[in-house]
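Position 1 is the first residue of the sequence; numbering continues from there. In listed order, ligands and their atoms are each counted from 1. Owing to the predicted nature of the structure, the values given are computational and were not obtained by experimental measurement.
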Amino acid sequence: MNKEEKILEFWEKEDIFHKSIKNREGAKYYSFYDGPPFATGKPHYGHILATTIKDSVLRYWTMRGYQIPRRVGWDCHGLPVENLIEKELEFKSKKQIEEFGVEKFNNACRSSVFACVSDFQEVLKRVGRWADYSESYSTMDNNYIESVWWVLKQLWDKGLVEKNYRVSPYCPRCATTISNFEVNQGYKEVKDKSIYVKFKIKNKDFENTYFLVWTTTPWTLPGNIALAINEDLDYCLVENNGEKYVLAKNRLSVLEGESAIIKEFKGKELVGISYEPMFDYLASQDIKNIKNCFRVFAGNSFVTDGDGSGIVHINPMHGEDDFQLSKANNLSFFHLVDEAGTFNSIAKDFTGEAVKSTDPKIINHLKELGVFYKEELITHEYPHCWRCDSPLLYYAVDSWYVLVTKIKERLVENNQQTRWVPEHLKNGRFGKWLEGARDWDFSRKRYWGAPIPIWECSGCNEKLCIGSIEEIKKNQVKEYKLDDLHRPFIDDVKLRCPKCGKEMTRAEGVFDCWFESGSMPYAQWHYPFENKEIVEKTFPADFIAEGLDQTRGWFYTLDVLATALTLDDIGLGKNKPAFKNVITNGLVLDDRGRKLSKKLKNYPDPKDVFDKYGADSIRYFLLASTNIGEEYRFSEDKVKEVWRNVVLSLENCFKFYETYIPKDKKIIPSSDSNNVLDKWIIGRVEVLNYGINRFMQEYDLTKAARLFGGGQSEGGLEQPQGDIKWEDYSLGAFIDDLSNWYIRRSRRRFQKPESEEEGLEAMQTLNYVLLKLVKLIAPFTPFIAEDLYQKLKSKDDLISVHLCDYPEPDVKVLSHEFYDIYSDMLFARNFVAQALAKRSEIGIKVRQPLASVSISARNGNQVFKTNQQDIFHIIKEEVNVKEVLISSKQDAGVVFDINITDELKEEGYLRETIRHIQQARKEMHLSPEDTINVYYRASEKLIPFIEKNKEYLAKEVLAKEFILSTDALENKQINLGEDSTIIFDVKVV
Ligand SMILES: [Zn+2]
Ligand SMILES: [Zn+2]
């Protein structure tokens, strides 16, 4: 069991998650809605990302003192599940389901929905996600369904539900309509044939003349009933290869070979002209209004001369514009295509054939009829079924609609109350989508879903929408069991018509599963039948988070239903969106920007990455690597980098601390030190604290997480005028500041303090900083935070870091004094960086002490605003010089005194020797309590040097003795240049 797994066990054993909620009894409520996932597939990095975001935000607000119950839910219904079962049963069409039996089919669906729940729970738990797995809800429960019915009933009562015969996106394989926002999830680039065909004009002014028409769907031509032009465009009659054509003047380029214009005219002159039907299927039938068909009509709103020929063929059964034009002009509506997407018996030459694959046959037919002009191959984006991948059709059919267009303005306004992260989505992708919202086809002619609770009367055509089981009981013609509200049982339920007394039958179909997930705020609690108080208290959600694709899915349906339900205040408030804050993440791609795919094997198994680098590393990578909303480039190497820079680095800071605290002494955390480095790091941790609170309040997780690590500190602060604000501080990577500056520069005070007080002061400071740091980082990397907290806490502290209150920044640190220290330290670090670069440029190792370095004065004879000698001291140690001199030349740069005296040279030797012996101690895993003897041999001239400095060296490396030895020694070698080497061995005494 690794360290993180032990922590998971500790949380479980001590029930820390539930304690973190119980502890906040009576505190302010923070409401979170969890988007229910389908548990029919395995969890992937996308789930890990969303869950990391949710968990970090919720842990943060819990520590800030809020009570946050966390219920999880499972999306059970809909096409995803049905498809899975159809594949298992090797079904190709809906007919096979009916033959198999709806009850058996739905049972198979029901038993598969939780197939992967345990995989989900395992992965989510391993990431550290805290949620109430035991009290989950599922959308297939009767209670859930009853609330969905209640939601629809509210919309029905407000006149927002309507049955309509319209052209909808339609999947011929699933044999159901789907909603326009589902269409948006399945566009794919395909190559199709587009053709130009000839419609022969029946008019004495246009003898032997054809309308030239372009279409990308040849299979819709048998159902042609009209042509449309734009009245305001210029058209012309041309002669081309011995035949005469009418087309838009701007589209003459589509003609092949030579052509000559005979006449020009406006489109409006073409309106009303008749043409010969291309196929006789419809013309020969006795169909209502057929005598109005086969003419030219004005279609100014959709006919352009941007492509094609400027003349559009009209088939009202497969196009929205076509449908509206036909309705306005009293044309005929008649299907040649059945619900499975195949030609019916009226289209006798193609009966039984799937429409899209009939294109080549139709083209041959057109050639035989002599009405074919030419064909082209086009590449375009074509919609496909989001679940089964079949190309969609547009198909005229009866469906139930939520009249979203009626509440569109309110929807747009309510969205203004929501904070979107990233912000541009609010009035961009999501806002624009709302502005263009269309009526929502929410009925699916399918089986496994919440059944639509609308009953229709066979006698008087009355329609009744049921909002509860109670209402069924009130209207039923006989007693029904109603212990399972699914099909087929609900199909048998007959109601008594309140108007005429005849029997009513349930309307066909089940809910779009997005209607069900959009009802989640109410249905998860069986509102309003139960839990009224909880729902009304938790609506709207304070926070939700899902992927970017949900702007066309869950986010959208949540807001549509919330807006409709809050048109009046029925306990949920008035004019509300469903959520106050939303974080929207982008996709997780591989490091070359490709989708993660099982086929490409371009991603490591999450389990392996957890084992190698831990959940904290994955979490931190996901939180800090990418701005929220952008695409993630995932690779194991990048997770490893996080592990090294953040997790390991933090662990090493603690190990350093642990190494030097005296075992017999309790260190009390304290922020009260006079040392300039201590003051600096304490101020830094307060600024960190402030920055995190600020960004978390803005739900900007990326900025908050980046404050810990993953980058260098930013520099260059101007002296603030007047009051200092926290914002004036540059917020750099804290862990780097702590380990690579504070701890490095404080080493001596821990290892060899000049007085007991000096050592204690440093230890108390580091204890204070670490304890605060583990609390600050706890929401982001909960495991390492817990691990270090356990080691730092005293016995009176709370048992888990996740039960602690989130720290508040200590405002008294916000002073001009700290500001001066802060900017001095920044300046000093920049100077040191330049000085070290300079040393490497002149080729003198840092371990060789030099006499001096000079620094340009900034203000009179003053370089620093705080105690200059303290900062000089830090610079001296860091660049290894005896003295820092002030040059009064401005901008002189870094100037070293490079004259190395014998004394300096000897000191360099000493340092090098000490370093090598310390390194050996480290490799032997010795602690400061272990005393050693050092055995050595050396070049002739070095022996007196060592003998002279023996005592000093022994003290430095915690050795008892330095012993000149002639024995064979292990090959540990110190090369001091100029043929001077020391060979040594270390033995524990
Ligand atoms: Zn489909
Ligand atoms: Zn009736």
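Shown are K163, R506, K502; of these, the salt bridge (charged side-chain N to carboxylate O under 4.0 Å, His left out) with E456 is made only by K163. Exactly one residue among L587, L596, L589 makes a side chain to side chain contact (heavy atoms under 4.5 Å, CB included) with Y45. That residue is L596.
Relative to the six-membered ring of Y170, K445 misses at least one condition, a distance below 6.0 Å or an angle of at most 45° to the axis.
With the Zn ion (ligand 1) as vertex, C171 SG and C385 SG subtend 110°, rounded to 10°. Around the Zn ion (ligand 2), the angle linking C500 (SG) with C460 (SG) is 120°, rounded to 10 degrees. An angle of 110° is found at the Zn ion (ligand 2) between C457 atom SG and C497 atom SG, rounded to 10°.
Judged purely by distance below 3.5 Å, without hydrogens or angles, the side chains of H318 and H335 never pair a donor atom with an acceptor atom.
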